[in-house]
There are 2 protein chains.
Amino acid sequence: MSSDKVAVEAPETRTRILKAALHLLEASQGRGVRMSDIARRAGISRQALYLHFGTRAALLIATTYYLDELKGVDERLVPSRTARTGLERLDAFIEAWGGYIPEIYGMAKALLAMRDTDAAAAKAWDDRMQDVREGCEAAVGALNRDNMLSPDHSPDQATDILWTMLSVRNWEQLTIECGWPQERYIGTLKSLARRIFVSDGTSNR
Amino acid sequence: MSSDKVAVEAPETRTRILKAALHLLEASQGRGVRMSDIARRAGISRQALYLHFGTRAALLIATTYYLDELKGVDERLVPSRTARTGLERLDAFIEAWGGYIPEIYGMAKALLAMRDTDAAAAKAWDDRMQDVREGCEAAVGALNRDNMLSPDHSPDQATDILWTMLSVRNWEQLTIECGWPQERYIGTLKSLARRIFVSDGTSNR
DNA sequence: ATGTCAATTGACACGGTGTCAAGTCACAGG
DNA sequence: CCTGTGACTTGACACCGTGTCAATTGACAT
């Protein structure tokens, strides 16, 4: 019925490619996914891939944006942004980002692997991480505004520490290498963050 | 004077190779070091490299052993092993390992990059990290024996956390990306570890 | 009929690792 | 002195994965 242009039969090659890339990256934890694999799964020739994305890095980067859109990063951050207290904000942010990591892990891993060799990939990754850092900064700032930030750390340093704690690598090490279930990861990180950043004497539990 | 076999003129090709690899890995932070680069710097042909090390991974792995020997890892760990209290042991271990990281960073980075694609490299890296983990376990155990381990964490979980805190990646993020000087890295990690693992009420400073 | 757009096929360049064959050179022992 | 032997050299080549190019096809629109 409703005709607009092509639709239905050909779901926009470009998005078919992105879906294929996403699926493969997820399935293989980001390791060993070649352009030809993605092409095959998208049902096109390897060369046609390059008609849409000039470079493996470009495809990977486009896939991250697609993924964000798909998973609704922004909405997930609403609880954090609307938190009333600094403590709530810290918890909400850890929950949101910490819960997002496993969903993007394959992508992240692949992009991270290119970071050392490809400048565009490096920039894309660093931009993303900068966003996360801003989230950390905001949480630390909220804590500070509540006079709850431990005097042991300046806001900047606290941001550095929180940002590092919440890195994809740390998630990987704790869940995949140490075998922690996701809930324990989230729970422990929340409690560690409180213990580290929230000043003593004032409610620690 | 003293003649043993060859010596002086030909410093054992093998070690010349290892030295070359080491130098290049250090100088380039482990990125973009090719077999041909190492060969050139060692003053031999690329193919001759393969007479000594069958594989890039094998060469990298041999280089880590050489590096350990050169830098005397074992001696560095003596203060940690001979510490009288758990607290001392924790501090000494953080100082020893945390101080070792910058010296092996280039190597580590190169090995880490191969980890995802090369099984031998993965095993070598994981073995090394397992050693570090044992150091963490020992420190946590000593703390526990002193009844100083915070009841918030089981020894196993505490080990996981300490091990993750002390990862090369975290060192990289804090010093290289956040620009922390090495002393601040060591100092902050020590204080974080105390804050996290040492039970409240009993001496925190 | 013409043009254009998306895609196809096949071929090829490049960079890096790893392999192979043949040759050189020095130094040993009979 | 001749003959190994071992370390090394040179040159060529295979394999992989990325990226490029040229020629072709088929569908759709004008």
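We name chains A, B, ... by the order of the sequence lines, and we start the count at 1 in each one.
- Sorted by first and then second residue, the ring pair (Phe, Tyr, Trp, His ring centres under 6.0 Å) pairs involving residues 106-128 of chain B (not counting sequence neighbours) form an empty list.
- With B:Q173 contributing its side chain and A:M165 its backbone, the two residues share no donor-acceptor pair below 3.5 Å.
- In this structure, B:W97 contributes its side chain and B:V132 its backbone to no donor-acceptor pair below 3.5 Å.
- Side chain of B:R46 to main chain of B:A39: no donor-acceptor pair is present (N/O by atom type, distance under 3.5 Å, no hydrogens or angles).
- For A:W163 (side chain) and A:M129 (main-chain N/O), a donor-acceptor pair under 3.5 Å exists by modelled atom type.
- Scanning for ring pair (Phe, Tyr, Trp, His ring centres under 6.0 Å) contacts around A:Y105 gives A:W171, with sequence neighbours left out.
- In this structure a side-chain-to-backbone donor-acceptor pair under 3.5 Å is missing from B:E137 to B:P155.
- Partners of A:L77 by side-chain contact (heavy atoms from CB on, under 4.5 Å), not counting sequence neighbours, listed by chain and number: A:R81, A:F93, A:A96.
- None of A:T159, A:D160, A:T164 except one satisfies the side-chain hydrogen bond (donor to acceptor under 3.5 Å, both in side chains) rule with A:R133; the exception is A:D160.
- For the helix from C:dA1-D:dT30 to C:dG30-D:dC1, the axis fitted to the five pairs at one end and the axis fitted to the five pairs at the other end meet at an angle of 30° (nearest 10 degrees).
- Contacts between residues 112-121 of chain B and DNA chain C, counted as heavy-atom distances below 4.0 Å, involve no residue at all.
- A:R195 contributes a side-chain N or O that, together with a main-chain N or O of B:R195, makes up a donor-acceptor pair within less than 3.5 Å.
- Contacts between residues 30-39 of chain A and DNA chain D, counted as heavy-atom distances below 4.0 Å, involve A:R34, A:M35.
- Under the rule for a side-chain contact (heavy atoms from CB on, under 4.5 Å), the partners of B:A92 that lie at least two apart in sequence or sit in another chain are B:P79, B:S80.
- Interface residues of residues 40-56 of chain B facing DNA chain C, ordered by number: B:R46, B:Q47, B:Y50, B:G54, B:T55, B:R56; criterion, heavy-atom separation under 4.0 Å.
- Closest approach of B:L49 to B:M35, counting heavy atoms only: CD2-O, 3.2 Å.
- First and last contacts of DNA chain C with chain A, using any nucleotide atom under 4.0 Å from a protein heavy atom and ordered 5' to 3', fall at C:dA7 to C:dA11.
- Residues that satisfy the side chain to side chain donor-acceptor pair (under 3.5 Å) test with A:R115, not counting sequence neighbours, are A:D126, B:E177.
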Enumerate donor-acceptor pairs with a distance under 3.5 Å from any side-chain N or O in residues 56-71 of chain B to protein atoms, sequence neighbours excluded.
residue: B:R56; atom: NH1; partner: B:V33; partner atom: O; Å: 2.5
residue: B:T63; atom: OG1; partner: B:L59; partner atom: O; Å: 2.6
residue: B:T64; atom: OG1; partner: B:I61; partner atom: O; Å: 2.5
residue: B:D68; atom: OD1; partner: B:Y100; partner atom: OH; Å: 2.6
residue: B:D68; atom: OD1; partner: B:R128; partner atom: NH2; Å: 2.7
residue: B:D68; atom: OD2; partner: B:R128; partner atom: NH1; Å: 3.4
residue: B:D68; atom: OD2; partner: B:R128; partner atom: NH2; Å: 2.2
residue: B:K71; atom: NZ; partner: B:E103; partner atom: OE1; Å: 3.2

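- With sequence neighbours excluded, the residues forming a side-chain contact (heavy atoms from CB on, under 4.5 Å) with B:D37 are B:L24, B:R34, B:R40, listed by chain and number.
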